[in-house]
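First comes the structure, then the notes that go with it.
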Amino acid sequence: GIEIDNLGDGKDAYPEDQLNAVEHIVSFIMRRHPIRQIVSHEYIAEPPGRKVDPINFPWERMERFNVPLYYGQKKGG
């Protein structure tokens with residue numbers, strides 16, 4: 001996982017430098033490992049329902065990696 005420093009309230013902005021760093025890290029990881037999807041914290045947190053972050057993260061920036069993105073309010077279980 002990649003840790004992002006943010007208040008997590010949906011109002012705290014993600015600085016451009018931080019977003020660029022996340023994209024760089026994802027790119028670096030994907031060149032070395034067969035990543036097949038990118039997911040938000042809520043899809044991997046245990047127990048289910050414990051996390052819903054990152055709230056209001058600009059997921060469209062991750063579309064350039066051409067893998068499925070799973071984020072937002074997780075449906076089902």
Within 6.0 Å of CD in E60, more than 12 heavy atoms from elsewhere: yes
Validation row: R61, N20 side chains within 4.5 angstrom (heavy atoms): yes
Approximate separation, where rounding is to 0.5 Å, of I44 CD1 and Y70 OH: 14.5 Å
Nearest heavy atoms of I38 and W59, plus distance in Å: CG2-CZ3, 3.8 Å
Common cluster, I55/L69, ILVMFWY with side-chain heavy-atom separation under 4.5 Å: no
R32 NZ/CZ over F28 ring centroid, <6.0 Å and within 45° of normal: yes
Rounded distance (nearest 0.5 Å) linking atom CG of D53 with atom OH of Y71: 15.5 Å
D9 atom CG, over 12 foreign heavy atoms within 6.0 Å: yes
Minimum side-chain heavy-atom gap N6-P54 below 4.5 Å: no
Short side-chain to backbone donor-acceptor contact, Q18 and D5, under 3.5 Å: yes
Where V67 and M30 come nearest, the two heavy atoms and their spacing: CG1-CE, 3.6 Å
Spacing of I25 atom CD1 and E3 atom CD [to the nearest 0.5 Å]: 11.0 Å
Gap separating the CD atom of E46 from the NZ atom of K51, nearest 0.5 angstrom: 13.0 Å
Within-4.5 Å side-chain heavy-atom neighbours: P47 and R50: yes
Minimum heavy-atom distance R64-S27, with the two atoms named: NH2-CB, 4.3 Å
Close side-chain approach of F57 to S40, heavy-atom, < 4.5 Å: no
Co-membership, hydrophobic cluster, residues I2 and V52, 4.5 Å side-chain: no
Separation between CG of L19 and CD1 of I4, rounded to the nearest 0.5 Å: 7.5 Å
